[in-house]
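Beneath this line is the structure, given in structure tokens, with notes to follow.
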Amino acid sequence: MIHDLNLMVAGPQGSGINFTSDTFAKVMAREGYHVFTNAELFSTIKGEHSYFRVRVCKDMIRSYSERIDILIPLDAKSVMLHAKELSKDGSIIFEDSLEDPRHADIPYKEILQTVATKFGKALSELNVMKNTVALAGATKMIGLDKEKLKKVISENFASKPTIASMNNAIVDEVYSEFSPTRTFDLEPTTYKKRMFINSTHAVGMGKVEAGMKFQSYYPITPASDESNYLERVMERYDFVVEQTEDEIAAINMAVAAANTGLRSATSTSGPGFSLMVEALSYAGMTETPVVIFYYQRAGPATGMPTRHEQGDLKFALSAGHGEFPRVIIAPGDHKEAFYDTIEAFNIAEEYQLPVIVLLDKAMAMSNYTVDPFDLSKIRINRGKLVLSETNGYLRYKFEEDGVSPRSVPGIKGGLITIAGDEHDEDGHIFTEDADNRVKMMDKRMHKMESVLKAVNADTKVKFYGKPTNKKVIVSWGSSKGPILDVLDKLGEYSLLQIRMMEPFPVEEVMKFLKGKTIIAIEQNYTGQLADLLKEKTGLEVSSRIVKFNGRPFAFEEMVEVLSKSKLEKREVLTYA
Amino acid sequence: MIHDLNLMVAGPQGSGINFTSDTFAKVMAREGYHVFTNAELFSTIKGEHSYFRVRVCKDMIRSYSERIDILIPLDAKSVMLHAKELSKDGSIIFEDSLEDPRHADIPYKEILQTVATKFGKALSELNVMKNTVALAGATKMIGLDKEKLKKVISENFASKPTIASMNNAIVDEVYSEFSPTRTFDLEPTTYKKRMFINSTHAVGMGKVEAGMKFQSYYPITPASDESNYLERVMERYDFVVEQTEDEIAAINMAVAAANTGLRSATSTSGPGFSLMVEALSYAGMTETPVVIFYYQRAGPATGMPTRHEQGDLKFALSAGHGEFPRVIIAPGDHKEAFYDTIEAFNIAEEYQLPVIVLLDKAMAMSNYTVDPFDLSKIRINRGKLVLSETNGYLRYKFEEDGVSPRSVPGIKGGLITIAGDEHDEDGHIFTEDADNRVKMMDKRMHKMESVLKAVNADTKVKFYGKPTNKKVIVSWGSSKGPILDVLDKLGEYSLLQIRMMEPFPVEEVMKFLKGKTIIAIEQNYTGQLADLLKEKTGLEVSSRIVKFNGRPFAFEEMVEVLSKSKLEKREVLTYA
Amino acid sequence: MLSTVNPPAKPQSYKTNVEIDWCPGCGDFGILNALVLALQELKIPNENVVLTGGIGCSSKIPHYVNVNTLHTLHGRSLAQAQAVKIANPRLEVISASGDGDGLGIGSAHFVAAGRRNVDMTYIVFDNGVYGLTKGQASPTLPYGEMPKSIETENLKFPVNPLFLGLASGFTFVARSYSYNIKHLKETLVKAMKHRGLALVDVMQPCVTYNNINTKEFYDPRLYDIEKEGWNPVANNESEYKQKIPQAVVKSLEWGDRIPMGVFMDYQTETYDQKLQKLVPAYGKKNYVMEPIESSGKPLNDVTELMDSFC
Amino acid sequence: MLSTVNPPAKPQSYKTNVEIDWCPGCGDFGILNALVLALQELKIPNENVVLTGGIGCSSKIPHYVNVNTLHTLHGRSLAQAQAVKIANPRLEVISASGDGDGLGIGSAHFVAAGRRNVDMTYIVFDNGVYGLTKGQASPTLPYGEMPKSIETENLKFPVNPLFLGLASGFTFVARSYSYNIKHLKETLVKAMKHRGLALVDVMQPCVTYNNINTKEFYDPRLYDIEKEGWNPVANNESEYKQKIPQAVVKSLEWGDRIPMGVFMDYQTETYDQKLQKLVPAYGKKNYVMEPIESSGKPLNDVTELMDSFC
Ligand SMILES: Cc1ncc(C[n+]2csc(CCOP(=O)(O)OP(=O)(O)O)c2C)c(N)n1
Ligand SMILES: Cc1ncc(C[n+]2csc(CCOP(=O)(O)OP(=O)(O)O)c2C)c(N)n1
Ligand code: SF4
Ligand code: SF4
Ligand SMILES: [Mg+2]
Ligand SMILES: [Mg+2]
């Protein structure tokens, strides 16, 4: 009986790795298992070596494992590269014969020939279906009912019934012709309905639920998956997704649509965000409720576009010239990504400022199982939006709480004047008066305190583990998953996940960290959260555990480093 | 006998305020006085109310004073706005008669009529020369030899001799017709040759001396004054100044010209810098020696384009996605601006990284007297530049010190491959190998330590005042001037001017600040240097003295706040 | 232009009380006056008009017109204006830019705007210089010229806004003149009535910095192409393709005679019509007024979406 | 093009050993091959050639050509290339961009480049999609089309690179085809020989994402305008002005017959010639090789400048 099973599909990009691993994952998720996947691909379209990992377990898992139980290499290069990572009791499913005793000898050619004949096709036409052979081989080794696999295949090819039938015929053949010498006896589980998604889906659904009506974007890895997902559902939920000429247009359009009265957002990654910072500053100055979804990837410059990193925290914190209020929220998993998306729109509209939701490639490209979201508790708050006739209207009126009523074009008596120059209450820019300047700066900057007061504790930080533990890890974003997986194993650590980066929740953080030995774990070079922590609280971390080779944390390296008797000031993790 | 004299010229923009105050300043500088000016103008072309201050003293002065001794209002509005600021022993020079006893009654009309007749002109044609009447009135009150004024006027109108003669005839008339009731007896001084310049000139001369061959820019206040100055001298010193279509092109062109082998730079202000950050990240990734001159102005967004602020420190520190090395130097006066400019090019080429020279509007638009630069000690270091035939060349070769030899196009055997994606030693991008990534990140980031080791102490910090003082002010940029002026008066304070912001000179800073009561003085809202200090050293300032109304520090408000028996945690200065 | 205003409301004055800070004699005044007259003629309720500007002397015009205004960033007037119209197609949207703003830093948006054909009007204040930053060369300054504000002669060939507008796909392309308020007003009215993206390039002397392209320069040169028989209307795609090269020929004229008037007026699918292909309810519902919550509870329900992932 | 190479050196191979990662069958291969052949024909020493790329599948071409290469940022290939040539006019400079890179995010540089007329060659890899980000619509994708990689049909009208090139002031404008290596090579040779800014728009099928603009689509449609009698050479400004509208007419053809060849070839002042008006020594001295110091001491002396402020 094994607790978790790790499958890897490896091969040239474009050879169906994605299809194979996803189908497997989906089948296992339907069984009620928790499934976690990790995709490592090149920034090219076809041909370069890539690999996907699928980890399956009856308990919740949030990181990939270095251990491979079943390896499905789609070419000889992948055998060479990955066979050494395969556990000694593991199994390789490969079409050609191998010297390796772990080779699961499935009669590929015969199976395909049988099915080809049955459907009156040439053998070569079935080449693309080799992956199905491997897939069925794997599920058979796990002892899965073949009908379950066939059901998912049928759904995948819903629009191409013949293809579905052929693939399913292959499944039947594999199940009848292949008698595995090794099998994998996974601890059983009971069925629970779960979604198999990544954060681009979670954010997308969050945007729909939040009532977003306008999203502008410019294609970029890994952010555009989210926009492309939204394009698929915009017809059904009535909103506009606009692909722009560049990221400058993307954010300017989102800002303008927000000032026209729609909930608006844009999504991007590092290079694109760099082009957006002038307009971010503008959104701060003009008190525009716009939400920016920032999917970090390995930088600097074009960097490694399909690889992971949390390297842009400090940049997001101070991007844009001049000083203006902004809110930054960093969800740590897909579930948080969904709820935080809605919260981000609420904060943006209540306080009339730009909100950045900071995500990363690991969240964008790692699919895993998530319980369906609880929609009953969701609330929408549009703040002081004025949608009916008014008079004596001033867009930037000084109010007790610093937030002015917000009219939009089309409202009788509510003409707006939005200005990126310093302005008076009416939005006009010709004062340059020193006192007005001070009042307007105070008005805008004061919002940070208001946000800090209003936002609930859970949105700011989350604490995991025993409160009495002496050692507390601080971390953020997708690093949370691998850390939690290890906490379950190593009881002496707790984790403080910082979720709101700006305004920084000093009070909540101090509550959990004062007097503790603090370890920062982040996926960047310098340890940006550790710096921020010191700037905001004066607290010094005793060790910075960092990783910056473009790959997310592996379960094993996390166990390894945290099991050390003494942590160095800087620990660099390098599993790949 | 007065120690310093303060003159103000006020009026609608475009009415010659600039000419009047500059001429006066130049005449006094020629006398051997130290002269300091401050310009407050609107972000418009003509008509809006503006004012220039000129302060004159035999000792060095570095700030403006609220006290006005001579007021030259060019319209009635200026009388109304500024007469109240005039000291009770002061004098107003205005064409129309005033109730104010301080009015210096110069017979404008008669004087102009006399000169008009002499030159056979209509009186109306001399309207534009009213400022000369006021100017001569002022110099007469100071007891200045009229020939000295006439000499400067002749130089100003060198290409228009008739205009010069007419203006000088006016001077003669004023000196003969006007007998001031009040005079200003300024402490005498001895002549010393000094330049009357602002930082755009200092930087411009620094660039010429440094051998810069390519500057790209897009017009923006106040940075473009520097480029426009360079355009005036490029013919003589052989280099190219290129006005681009936007700031994105400006920095990309500077980067490309640098990689082609020229010392290259670009100059901008906040909104423009925001558009440059993607390419800044690229310069870090590609190890390109490019220098960016960043003239801060009041933000956010378009903000107050002609007003002062030091609001972009944190932005400059972390601008650009991903992590890469950069150097940031912040000169505190025009002299430092000159030498730092040359140093910036040296550092950029020695370490092959982007260098940001952080300036501000107060430096860009405040002309004052500066001793001629000492050119004898200037050194040029181009680092590992390869300009002759080579072989086995690799642009990003791993070397002990992390700096690879740098070839450029045109060198036999020295083909370069520059890449903004992560790359191998040869600049090719197809590895995405995890180990190579780690090595390349280390290579680049390691430069920060090297710079910190190599740069001399004076470039990092400067300390002023008694080392034994318990109270130390930390500050940066143009705030230094007003603070030094006050230190001379209040002996209990010392000043630590932080000049290198990145890499941060922790050691040098600790040396001067450990155990002291620290006061941060900055011209921004939040106290950005204080934050940086805390992040880097853990040191907490006891008070943040800030100003963010768009005007530089006045001498008096600085004295006032530092004379307080107890400073609050936050002190906001608001003189305008 | 706004299809129907129902019920027609009586507009308030279209001028604000804000003090105007352009230099005396600046061509910008004429554009302001003509725009106000055009709005008066069309009688669109003030609250249904949105005017955007970039950054520059010209781009301050929003503050002087009593409608909804967005004073945006340098070069971004057109990008923001299009989004306003996409967000709420019931609004009448006008965008103003300087020649630097629109044809230099903003030209990527200019080219892309032609691809959308959003139903709005874009006015370029064409003065050959960067007024607000003290008179540097703008993209339309002719080659070799050196207005008094510039250190060195202009080494760049000029952008021709009309030619570029035609090439980019603007469906209405016109030139007018800030000192001919009647022609300018009429041109603006036509531009606003046009369904689709309209470009109005306005010769606008900058009296402070550009001492070459002055009133004295333009007055004797400008002539009205429509008066000389040009019919800009293209009734279908083939007429459009046939008229484009002719319009290009006219746009290239510069010298003793400078043409003004409407060069092209072609009606084809606008962006709102096109969006309906993807989102059938688009434009039928008013997204701005459409509630997204009821007592704080979201009106959208993603259950279906969640199920698709199970 | 590089005026004279003296002494003419024998170039090494123009191909690198780097493994090419385009999809099998991609049109990009043809462009690479044609470019290498063109360089071979012109025999410019490798070290005197600079090739820049933006970001995209196409923009990876620098890694495959054995010359100096700058793999820049998305949309900035042309901006950087111009600066290389300005910095060192002795170099032969070629810039590559995808259609998204060059005509979308980079189009402000495209328009501005026409104003300078830097002597260099700009190759646009025109495949109708954003290849590297998985096939979204690029600015040249025809209206209403929906290649298999796209969620929704394309609502934008396409940019016409030739028309836009003519309007922006490119002095050499051509179209070729990646599967017609002979024509493409000859076109590239002409472009490089042209003194001034040359645009070569290459029809480049993306076999992975664009199942509409394929080899099967282009093969029967493309015809050579020069073979049908078009003479693109304009010998002076008036010929240029006269030929522009004719070239525009040709550029508008699209459908059963798609024209390729050189549409415009006009020689006028290049940017290096123009720069000499302001900086007489420009181009005479080689700034890159010119020393700026001697034993560490600066060779420039600003004493004169300092004096001017005293
Ligand atoms: C990103 C950015 N760069 C530069 C500027 C500075 N700037 C302000 S106005 C202007 C040019 C204005 O010229 P134009 O658009 O022709 O308008 P005009 O003033 O001539 O009406 C510039 C460059 C800015 N505000 N923002
Ligand atoms: C600023 C920025 N935005 C977005 C991207 C993502 N990106 C990479 S390639 C590409 C488009 C490539 O399309 P194209 O230029 O047509 O080249 P192709 O791949 O089709 O050859 C995009 C949008 C990026 N690298 N940088
Ligand atoms: S500078 Fe020129 S464009 Fe600007 S307001 Fe003055 S005259 Fe008009
Ligand atoms: S995705 Fe298209 S353009 Fe890119 S390499 Fe593949 S075929 Fe070529
Ligand atoms: Mg202009
Ligand atoms: Mg493309």
Side-chain angles (χ1 to χ4, degrees), chain A residues 42-44 48 248 269-271 273-275 277-278 280-282 284-286 296 298-305 307 309 311-312 314-315 317-324 419-422 430 432 434-435 437-438 441 445 524-526 531-532 534-535 538 540 548-551 572 574 576, chain B residues 42-44 48 248 269-271 273-275 277-278 281-282 284-286 296 298-307 309 311-312 314-315 317-324 419-422 430 432 434-435 437-438 441 445 524-526 531-532 534-535 538 540 548-551 572 574 576:
Chain A
F42 262 77
S43 179
T44 59
E48 288 291 329
I248 297 177
S269 301
F273 185 77
S274 275
L275 292 172
V277 307
E278 189 198 14
L280 176 69
S281 173
Y282 178 84
M285 182 60 138
T286 53
Q296 299 164 92
T302 311
M304 301 197 291
R307 308 288 177 173
E309 197 164 271
D312 301 344
K314 278 189 166 179
F315 179 35
L317 282 164
S318 55
H321 56 287
E323 291 159 297
F324 55 91
D421 288 65
E422 190 57 277
F430 303 96
E432 296 199 17
D435 294 337
R437 165 71 172 176
V438 172
M441 281 297 284
M445 297 301 280
N524 55 46
Y525 189 91
T526 52
D531 283 348
L532 180 64
K534 189 162 169 192
E535 178 197 318
E540 186 95 49
F548 51 88
N549 66 0
R551 282 71 175 171
V572 179
T574 56
Chain B
F42 262 78
S43 178
T44 59
E48 288 291 330
I248 297 177
S269 301
F273 186 78
S274 275
L275 291 172
V277 308
E278 189 197 15
S281 173
Y282 179 84
M285 182 59 139
T286 53
Q296 298 164 93
T302 310
M304 301 196 292
T306 55
R307 309 288 176 172
E309 196 164 272
D312 301 345
K314 279 189 166 179
F315 179 35
L317 282 164
S318 54
H321 56 287
E323 291 160 297
F324 55 90
D421 287 66
E422 190 55 279
F430 304 96
E432 298 199 16
D435 294 337
R437 165 70 173 177
V438 172
M441 281 296 285
M445 296 301 279
N524 54 46
Y525 189 92
T526 51
D531 282 348
L532 180 63
K534 188 162 169 193
E535 177 196 318
E540 185 95 48
F548 51 87
N549 66 1
R551 282 70 176 170
V572 179
T574 55

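In what follows, chains are A, B, ... by sequence order, proteins preceding strands, each numbered from 1.
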If you count heavy-atom pairs under 4.5 Å with chain A, which of Pro271(B), Ala298(B), Gly284(B) comes out on top?
Pro271(B)

Chain A contacts, top residue of Ala319(B), Ala434(B), Gly538(B), Ala576(B) (heavy-atom pairs, under 4.5 Å)
Ala434(B)

Flag the pair Arg307(B) / Glu432(A) as yes when at least one side-chain heavy-atom distance between them is below 4.5 Å, and no otherwise.
yes

With a 3.5 Å distance limit and no angle check, can you tell me whether [X] reaches the backbone of [Y] through a side-chain donor-acceptor pair?
{"X": "Glu323(B)", "Y": "Thr526(A)", "answer": "yes"}
{"X": "Thr302(B)", "Y": "Asp421(A)", "answer": "no"}
{"X": "His321(B)", "Y": "Phe273(A)", "answer": "no"}
{"X": "Asn549(B)", "Y": "Val438(A)", "answer": "no"}
{"X": "Arg437(A)", "Y": "Phe548(B)", "answer": "yes"}
{"X": "Ser318(B)", "Y": "Lys314(A)", "answer": "yes"}

Rounded to the nearest 0.5 Å, what separates atom [atom1] in [X] from atom [atom2] in [Y]?
{"X": "Leu317(A)", "Y": "Leu317(B)", "atom1": "CG", "atom2": "CG", "value": "12.5 Å"}
{"X": "Glu422(B)", "Y": "Met304(A)", "atom1": "CD", "atom2": "CE", "value": "6.0 Å"}
{"X": "Phe324(B)", "Y": "Tyr525(A)", "atom1": "CZ", "atom2": "OH", "value": "14.5 Å"}
{"X": "Leu275(B)", "Y": "Ile248(A)", "atom1": "CG", "atom2": "CD1", "value": "5.5 Å"}

For Phe42(B) against Phe430(A), the heavy-atom pair lying closest together:
CE2-O, 3.3 Å

Testing the basics here: between Gly303(B) and Met285(A), what is the closest heavy-atom pair and its distance to 0.1 Å?
CA-CE, 3.8 Å

If I measure from the heavy atoms of chain A, does Thr306(B) come under 4.5 Å with its side chain, its backbone, both, or neither?
side chain

Looking only at heavy atoms and a cut-off of under 4.5 Å, which of [options] has the most pairs with chain B?
{"options": "Gly320(A), Pro305(A), Gly550(A)", "value": "Gly320(A)"}
{"options": "Gly322(A), Ala301(A), Gly299(A)", "value": "Ala301(A)"}
{"options": "Ala419(A), Ser274(A), Ser281(A), Pro300(A)", "value": "Pro300(A)"}

